[in-house]
Structures are given as structure tokens and as C-alpha cells.
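Here the structure comes first, spelled out in C-alpha cells, and everything after it is commentary.
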Protein chains: 2
Amino acid sequence: MSQHRHPGAPGRAGAVPALPELPEATVARLPEYLRALHAIAETGHETVSSEGLANAAGVNSAKLRKDLSHLGSYGTRGVGYDVALLIEQIESVLGLTQCRSVALVGVGNLGHALAGYDGFASRGFRIAALLDADPSRVGEEINGLVVRHVDELARVAVEESISIGVIATPAPAAQAVADQLVAVGVTSILNFAPCVLSVPEGVDVRKVDLAIELQILSFHEHRKASLTALPGGLAATDTQEAIGT
Amino acid sequence: MSQHRHPGAPGRAGAVPALPELPEATVARLPEYLRALHAIAETGHETVSSEGLANAAGVNSAKLRKDLSHLGSYGTRGVGYDVALLIEQIESVLGLTQCRSVALVGVGNLGHALAGYDGFASRGFRIAALLDADPSRVGEEINGLVVRHVDELARVAVEESISIGVIATPAPAAQAVADQLVAVGVTSILNFAPCVLSVPEGVDVRKVDLAIELQILSFHEHRKASLTALPGGLAATDTQEAIGT
DNA sequence: TAGATTGTTAATCGATTAACAATC
DNA sequence: TAGATTGTTAATCGATTAACAATC
């Protein structure tokens with residue numbers, strides 16, 4: 001679900017260097033390709049075929065080639081893709097050439113874990129600030145960062161040039177936090193609270209809801225159980241799904 | 001990305017009570033509707049219009065009605081949907097009428113948080129077992145559960161009738177854990193490790209990768225920055241996206 | 001009956017896929 | 001040249017959306 005509209009280029013016919021249009025589904029897969037490419041680079045391979053990269057990323061090779069073709073032509077027919085070059089290209093498209101600073105609001109159970117998650121640092125992000133509304137949590141040190149009160153958000157956002165806000169508060173607090181983030185100029189939010197956020201146009205919100213993932217699995221589990229109970233027995237079923245597509 | 005194929009009904013023409021075919025995109029939204037319905041129920045409303053429910057769930061009403069129409073006709077023209085009835089229906093379709101038991105493998109940073117996450121219990125899931133490969137972690141008590149060694153998985157799976165496995169290990173350990181889960185009969189896996197799992201047909205895997213979510217936001221942030229830098233100025237941009245669709 | 005709202009239709013859009021010509 | 005593999009085409013599929021007839 002996304003409601004992106006990107007009019008190629010407003011005004012001034014001819015003068016505007018149109019941004020490369022990327023389908024949302026492609027954007028969502030680029031990070032997976034990037035991860036796979038890093039893994040391949042570590043094994044020492046300098047090139048990789050679309051087939052090889054597709055396998056490592058869990059997609060089919062036609063989709064991979066189609067996706068990469070949106071970035072331009074960085075492969076060599078008969079040979080494959082230069083691993084280092086492709087990493088560069090994807091990182092550049094995703095805007096990962098600069099390290100992005102993240103403010104994490106809500107240092108409860110989940111917030112704690114996120115604050116300590118090393119997968120962020122290793123992939124281009126820096127948790128630059130931890131905030132919480134609970135005064136008893138302010139001052140606590142987590143992973144070398146001191147928790148500050150959420151009211152300091154405006155100051156923190158400027159000091160740390162925050163690029164992305166992560167909400168890990170309970171659901172009832174999430175909308176207010178989102179409003180505060182928007183008010184200080186944050187235009188990208190990752191929301192772990194199980195609720196819908198309303199934000200102005202131009203602000204991107206992505207949502208991760210752990211219970212929803214389990215419920216989707218529950219559906220398939222339920223259906224598989226029904227199928228095996230059927231006289232026909234086991235029908236052919238499924239394999240893998242990924243999220244965020 | 002999903003590769004589901006569900007041949008309506010194998011064999012025995014006419015005799016098989018075909019399962020209601022649900023589009024994957026619809027399945028992925030049902031849990032969100034369910035959450036919204038619970039919220040509405042708490043405010044005391046007994047019915048809700050497609051418009052009202054759609055707003056609460058962050059989708060448009062046409063999509064909501066289309067989705068619900070796949071479940072059958074549980075609305076009343078001119079009136080709306082009976083909240084309690086619709087909750088029942090969706091829970092039944094998702095297989096949530098029975099509480100499902102979850103085994104969580106890997107009690108590091110993230111695993112700890114997941115073990116303590118109350119959003120699971122309140123939405124039909126019970127963390128029934130915690131496992132880890134690290135002997136120094138075995139025996140630790142988290143949230144009233146004692147961590148057991150992952151080698152005990154087979155026994156635990158039977159004892160607790162595990163329905164879903166959650167992998168929260170480092171990436172290099174994830175495939176082996178998946179293999180073990182599959183070996184003891186688990187057919188639904190939620191994977192938090194940043195890697196692709198290979199599993200046999202009939203096993204469903206969903207993946208949550210926190211860094212990937214940030215990278216997708218980074219892309220949009222990057223593009224917004226480029227747009228504002230353009231002579232044309234601010235182009236109309238986007239609003240909200242959800243994940244797992 | 002008049003007003004409201006569903007369930008469904010049909011058009012549109014975007015994503016996937018297989019196949020293959022281009023080309024290293 | 002022969003073999004390999006990309007980049008692109010075109011067909012297919014599934015999801016979204018607006019509009020409205022059905023009906024409470």
C-alpha cells in the first residue's frame with residue numbers, strides 16, 4: 001500500500017533533470033539486493049550474474065534484471081554485474097552515501113532492543129538520540145546514549161540533524177509523537193506502534209506491526225490445516241513471502 | 001512477494017468444499033481491520049460504515065468493501081457492518097479462534113524484546129517457548145519463561161504444540177534454526193534475521209528486516225531532498241505506506 | 001418514501017514473468 | 001565464432017479504484 005504520486009517533473013518543460021522513476025516494488029527490493037551483494041562481495045567474487053544475485057536475494061532473475069534495468073545499465077552481457085559497482089549504484093539511489101541519523105522515541109521493551117540493534121549501524125544508520133516521555137526513564141544510559149525527554153525533540157533534531165524518526169511507544173502515545181516529529185521537520189517515520197498515524201502530505205510513514213505478521217502466518221497455517229483435513233489431502237502449497245512489498 | 005498457488009480444489013469434482021479464495025493483499029490487510037474494529041468496539045459503537053472503518057484502518061472505503069466482500073456479505077446496506085459480527089468473521093478466517101503457540105529462537109537483544117512484547121498475547125498468540133543455542137543463556141528466566149537449549153526443540157514443539165516459529169538469531173545461525181523448525185514440523189516462520197531462508201514447499205516464511213525499512217525511508221528522504229533542490233521547487237509528494245502488502 | 005450505504009462491476013493501473021534479440 | 005548473459009519487449013496477472021445498482 002502506498003500512495004505515491006511523482007509527477008515526472010513540474011513546470012519548466014525541458015529544463016528539469018527528471019529523477020529516475022522507480023516503481024515502489026523495486027525500491028522495496030533494492031535493500032535486499034544490497035544485502036545480498038555485500039554477502040557476495042565478502043566471498044571475494046567480483047562479478048555476479050542475475051541468476052546468482054537473484055538466488056541470494058530470494059527472487060527470480062527476470063524480476064531482478066527488470067529491477068536493475070530501472071537504475072540504468074550496469075551489467076555486461078555475457079558476464080554479469082560488477083559487484084562493487086552495483087553496490088555503489090544502489091547505495092547512491094537509496095541515499096545511503098551519507099550516514100543518516102535516527103531519533104528513537106520510546107525506550108520501553110522494544111525501544112531498548114532497537115537502540116542496541118547493530119544491524120542499523122552496519123547498514124548506514126546511526127541512532128543519534130533516544131527520547132521518552134516518562135521522566136523516570138530520562139537520564140538512563142543505553143548503549144552509550146543518554147535518554148532525553150521527548151520535549152527536547154526540537155533541540156535534538158537540529159543538533160543531530162535527524163533524518164528519520166522511529167516510534168516505539170505504546171499505541172496511545174504514537175500520534176502525539178508523530179505530530180511532534182513532523183513539527184520539528186522530520187519527514188520520514190518508522191512506526192512500531194500498532195495504530196494508524198495521520199501525517200501531512202510529504203511525510204512518509206512505514207509501519208511494522210509484529211502481531212500483524214503473526215496473524216498473516218496464522219491465516220496460512222489455518223488454511224493449511226483445513227486443506228490437509230480435506231478428503232483430497234495435501235494440495236500443493238507455498239513457499240516464501242517477504243514483507244514490505 | 002508471494003508465490004502462493006492455491007488450486008481451488010484438487011481431485012473429486014464437486015465433492016470438495018472449496019476454501020474461500022482470498023487475495024494475498026486482502027489477507028495482509030485483515031489484521032489491520034481487526035485492530036481497528038477492536039478499537040471501535042471499545043468506544044461502544046455497535047455498527048460501523050465502510051467509510052468509518054476504512055478511516056480507522058488507513059485505507060479507502062472502496063478497498064475495504066472489496067476486501068470484505070471476499071469474506072461474504074456481513075454488512076447491511078444503508079446501515080453498515082455489525083462490529084462484533086465482523087470481528088468474529090475476520091478472526092475465524094485468520095484462524096485466531098484458537099490461541100496459537102509460538103516458539104521464539106534467539107534471546108539476544110531483539111529476542112528479549114519480543115519475549116516481553118505484550119502485543120502478542122493480546123492478539124491471539126502465546127509465546128510458549130524460548131530457545132537459544134548459547135549454553136550460557138539457557139536457564140535464564142524471561143517474563144516467566146525459562147530459556148531452553150535449541151536442541152530441545154523437538155520435545156518442546158510437541159509439548160507446547162507449537163504453531164509458529166520466530167527466528168531472532170544472528171543471520172549466520174538463521175538457516176540452521178529454520179531447518180530445525182521445519183524438521184520438527186513447524187510450517188510457519190517469522191524471520192527477523194537479515195537473510196533469505198530456504199525452506200521446502202508448504203512452509204510459509206515472512207520476513208521482517210528493520211534495516212530494510214529504514215533504507216526504504218532513506219530512498220524517499222533522498223528523493224524529497226533532491227526535489228526541493230530542483231528549480232521547480234517542492235513537487236507534490238506522498239503520504240502513508242504500510243508494510244507487508 | 002427518501003437517504004444511506006453496501007456489494008459488485010468494469011476500467012485502470014502497476015507488477016510479474018517468460019522469452020528473446022542484442023551483445024559481450 | 002560459440003556460449004553466456006544482459007536489457008527489453010509484450011503478454012499476463014493481480015490489485016486498486018470509481019461509480020452505481022441493489023437494497024436496507
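Chain letters run A, B, ... following the sequence lines, proteins first, then strands; residues in each count from 1. These values consider heavy atoms only, across backbone and side chains, with no hydrogens, waters or symmetry-generated copies.
- Taking atom CD of residue A:Glu24 and atom P of nucleotide C:dC13, one finds them 18 Å apart after rounding to whole Å.
- Between A:Arg65 and the phosphate of C:dA19, there is no side-chain N or O to OP1/OP2 separation shorter than 4.0 Å.
- For A:Leu68 and C:dT16, the CG to P distance is 14 Å, given to the nearest whole Å.
- One atom, CD of B:Glu21, and another, C1' of D:dG14, lie 12 Å apart when rounded to the nearest Å.
- Side-chain contact between B:Arg123 and A:Leu214: absent, with no pair of heavy atoms (C-beta onward) separated by less than 4.5 Å.
- Nearest to the side chain of B:Arg77, among D:dT16, D:dT6, D:dC24, sits D:dC24.
- Residues A:Arg223 and B:Asp204 are not paired through a salt bridge, judged by the lack of any N-O separation under 4.0 Å between the basic side chain and the carboxylate.
- Residues A:Asp82 and A:Thr76 fail the side-chain proximity criterion, which asks for heavy atoms closer than 4.5 Å.
- Atoms CZ (A:Arg29) and P (C:dA15) sit 8 Å apart, rounded to a whole Å.
- Following rounding to the nearest Å, A:Leu30 (CG) and C:dA15 (C1') show an atom-to-atom distance of 15 Å.
- In this structure, CG of B:Asn60 is placed 14 Å from C1' of C:dT12, rounded to the nearest angstrom.
- For the pair A:Leu71 CG and D:dT6 P, the interatomic distance rounds to 14 Å; values are reported in whole Å.
- Closest to the side chain of B:Lys63, out of C:dT6, D:dC24, D:dT16, is D:dT16.
- Of the listed nucleotides (C:dA15, D:dT17, D:dG7), D:dT17 has the atom at the smallest distance from the side chain of B:Ala62.
- When each of A:Ser69 and A:Gly78 is assigned the nucleotide of DNA chain D with its nearest heavy atom, A:Gly78 is the one assigned upstream, toward the 5' end.
- For the OP1/OP2 pair of C:dA4 and a distance below 4.0 Å, the side-chain nitrogens and oxygens of B:Tyr81 include no atom meeting the criterion.
- Side-chain contact check for B:Leu197 versus B:Lys207: every heavy-atom pair is 4.5 Å or farther apart.
- Closest to the A:Lys66 side chain, of the nucleotides D:dG7, D:dT8, D:dA15, is D:dT8.
- OP1 or OP2 of C:dT6 lies within a sub-4.0 Å distance of a side-chain N or O belonging to B:Ser50.
- Distance CG (B:Leu86) to P (C:dT5): 16 Å, rounded to an integer number of Å.
- When side chains are defined from C-beta on, B:Ile90 does not count as touching B:Tyr74, because their heavy atoms never get closer than 4.5 Å.
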